[in-house]
Amino acid sequence: MTKKYDTPLLDELEKGPFPSFVTEIKKAAAKNPMAADELGQLEKSMRDKVTYWKHGGIVGVRGYGGGVIGRYSQLADEFPGVAHFHTVRVNQPAGLFYTSETIRFICDLWDKYGSGLTNFHGSTGDMVLLGTVTDNLEPLATILSLNGFDLGGSGSAMRTPSCCVGPARCEWSMIDTLDITYDLTQEFQDELHRPQFPYKFKIKTVGCPVDCNASIARADLSIIGTWKGPIEIDQDRVRDYAKKGVNIQEEIVNFCPGKCITWDGNNLAINNSDCLHCMHCITKLAGALKPTPPFGAVILIGAKAPFVIGATLSWVIVPFMELKPPYQELKDMIRNMWDWWNEYGKNRERIGELIIRRGMREFLEVCGLEPTPEMVKEPRNDPFWFWKEEDLEKKPWEEFLK
Amino acid sequence: MDKEELKKAIYQLIEQSAGKKKYKQADVIKHFRQQGIPDAETKAAIRELIDAGDLIYTYFGGSYIELGEKRKGA
Ligand code: HEM
Ligand code: HEM
Ligand code: SF4
Ligand code: SF4
């Protein structure tokens with residue numbers, strides 16, 4: 001196919017050192033009229049400094065409330081190829097593992113039913129298939145489903161849960177992130193496909209505090225693998241690191257936020273009761289230091305990443321939860337949170353915002369959790385415990401006044 | 001109220017408020033809770049209406065329940 005539009009502004013974006021999406025769209029445009037018109041409209045958008053997309057609209061797959069993000073062009077006459085340009089989110093395999101055969105299947109499918117443009121992976125984790133027409137949505141969902149795939153989450157629903165590669169490829173993983181993600185996806189099918197919340201809810205699971213999925217900043221509910229045993233030390237290997245030029249005092253001891261490591265030039269010692277489980281020493285001296293069981297997870301709540309104020313990190317609500325299938329304790333806790341949020345949440349209010357509005361104390365009561373020191377975010381500043389009327393009768397503080 | 005009656009009532013609620021107020025699923029559940037209908041029953045009825053295409057989920061910033069395309073009379 002000959003070039004359909006001149007795109008001088010987009011061409012500029014190909015000149016830098018990095019791979020360019022413009023180059024990729026041009027490749028797709030060579031065989032796909034939707035991709036070709038996408039280039040045309042994008043060039044015009046950049047020239048006019050106006051987006052010509054209408055937002056949203058009524059489009060979806062029967063029985064589902066999420067998975068498709070409707071998109072229509074305002075310039076359908078000029079760019080008929082993008083008159084409809086809906087995005088389809090496909091639930092990714094946990095840990096993002098594919099065979100090449102699977103990738104080929106998805107790509108062929110998208111050449112046939114869509115623009116050929118994809119985004120692996122979207123911020124939610126999903127495979128994101130960009131640009132198709134309304135009439136193709138039902139057949140697409142059916143074909144995906146027959147081949148073992150399902151649509152992902154969008155809208156005011158539980159979003160597609162995601163995780164790090166975990167035990168499949170990483171020595172540090174202390175929980176089975178893949179199994180947890182798969183299990184929660186199956187358990188909460190209704191909440192994934194039938195939007196019933198005040199707003200979106202994201203669950204991200206990582207195997208250790210290195211947090212390769214940035215769950216602490218990107219998930220309403222972060223599940224982060226951790227350990228309870230002492231850190232095992234192989235002194236010979238520590239000395240090896242020192243010999244090879246690692247400045248143990250500077251790079252390990254001084255950086256320990258728990259101030260619990262000492263080094264006498266020959267032996268490393270860790271006071272485990274002060275360890276904050278940040279993983280710094282363990283990752284810096286890989287192989288020399290190792291976390292030991294019992295293994296489990298820290299559960300945190302309330303992160304979000306709004307544009308204006310920037311990322312809000314999530315807050316510890318369970319310092320240690322053993323996570324063994326079928327993860328009943330976790331599932332019950334999640335359901336309790338949702339009930340409370342559904343009851344009191346305003347439209348487009350994330351659960352973290354509701355906690356700020358109604359208080360951590362109420363949230364902890366809803367979850368059936370006792371306050372513990374690990375929950376404190378700002379010492380002397382987190383007022384999530386107040387005495388109740390009936391406590392005042394009992395004068396519980398007297399036991400502290402001996 | 002039996003299930004079919006409940007489905008009719010839910011449909012009417014959405015139909016009568018079309019163009020005036022947008023309902024989220026939780027709003028519908030709360031509405032019928034005030035009439036003594038258990039949440040689970042309302043939820044199940046909504047699910048049937050959605051599966052049949054009488055009602056659909058729409059998305060505009062948040063997700064709402066609105067009349068299905070075929071009943072909208074476009
Ligand atoms: C100059 C042009 C563009 C710039 C500078 C740009 C930059 C970005 C950045 C910084 C992100 C966030 C990545 C992250 O999650 O950290 C993003 C996300 C995204 N971009 Fe672009 N982008 C451009 C054009 C486009 C175009 C033309 C498309 C589609 C045809 C596109 C599709 C997407 C999608 C789908 C996402 C979401 C990815 C996600 O879900 O994480 N972008 N873009
Ligand atoms: C005025 C134009 C647009 C607006 C206001 C807009 C806004 C948004 C918003 C708010 C979301 C997040 C939805 C959610 O999950 O809550 C989103 C997601 C997305 N948009 Fe857009 N968008 C626009 C244009 C486009 C265009 C032109 C494309 C593709 C060519 C596109 C592709 C996507 C994709 C792929 C996602 C999902 C990314 C993911 O799942 O991580 N958007 N957009
Ligand atoms: S978060 Fe931890 S367990 Fe998961 S991939 Fe990263 S380092 Fe490995
Ligand atoms: S994990 Fe972090 S807090 Fe614990 S000993 Fe190592 S550096 Fe210190």
Side-chain angles (χ1 to χ4, degrees), chain A residues 53-72 86-89 134-135 137-138 141 151-159 188-201 306 335 338-351 353-354, chain B residues 3-4 6-11 13-74:
Chain A
W53 299 106
K54 303 180 202 173
H55 187 270
I58 297 173
V59 49
V61 172
R62 175 72 66 88
Y64 278 39
V68 180
I69 302 165
R71 191 71 65 219
Y72 299 91
H86 311 316
T87 294
V88 180
R89 288 184 177 170
T134 308
D135 280 348
L137 292 172
E138 286 291 344
L151 298 186
S154 68
S156 302
M158 180 186 81
R159 298 299 180 82
F188 298 126
Q189 281 292 300
D190 239 33
E191 287 78 6
L192 177 64
H193 291 309
R194 289 170 239 280
Q196 47 199 269
F197 297 149
Y199 202 17
K200 58 187 153 188
F201 192 94
R335 287 222 155 84
W338 284 345
D339 284 348
W340 178 72
W341 180 42
N342 269 336
E343 197 54 43
Y344 298 108
K346 296 183 198 162
N347 272 359
R348 299 179 59 98
E349 184 176 46
R350 298 280 281 271
I351 196 164
E353 294 164 306
L354 181 63
Chain B
K3 193 182 238 176
E4 288 311 311
L6 178 57
K7 280 165 68 175
K8 221 173 266 163
I10 295 170
Y11 187 83
L13 176 73
I14 301 294
E15 190 175 41
Q16 282 158 11
S17 56
K20 284 172 256 164
K21 174 176 165 44
K22 280 193 185 189
Y23 281 93
K24 293 202 157 208
Q25 176 155 319
D27 302 331
V28 178
I29 289 174
K30 283 180 196 171
H31 178 96
F32 285 95
R33 191 194 295 161
Q34 281 164 7
Q35 304 179 16
I37 316 274
D39 295 1
E41 283 181 27
T42 311
K43 207 168 158 181
I46 293 173
R47 182 174 181 154
E48 285 188 16
L49 287 161
I50 299 266
D51 283 348
D54 294 327
L55 298 180
I56 54 172
Y57 292 104
T58 58
Y59 181 58
F60 198 90
S63 294
Y64 301 90
I65 289 179
E66 296 185 58
L67 296 181
E69 202 83 313
K70 61 178 180 181
R71 306 293 175 89
K72 258 197 138 178

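Below, read A as the first sequence line, B as the second, and so on, with proteins coming before strands; counting in each chain starts at 1. Bear in mind the structure is a predicted one, so any value in this text is a computation, not a measurement.
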Can you measure from CZ (A:Arg194) to CZ (B:Arg47) and round to the nearest 0.5 angstrom?
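So the gap between those two atoms works out to 3.5 Å.
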
How many angstroms lie between NZ in B:Lys43 and CG in A:Asp190, if you round to the nearest 0.5 Å?
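Spacing of NZ (B:Lys43) from CG (A:Asp190) equals 5.5 Å.
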
Ranked by heavy-atom pairs below 4.5 Å to chain B, first place among A:Ser156, A:Gly65, A:Ala157 goes to A:Ser156

Taking the side chain as everything from C-beta on, heavy atoms only, tell me whether A:Asn342 gets closer than 4.5 Å to B:Lys24.
no

Give a yes or no on whether B:Lys21 atom NZ has more than 12 heavy-atom contacts from other residues, nucleotides or ligands under 6.0 Å away.
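Enclosed.
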
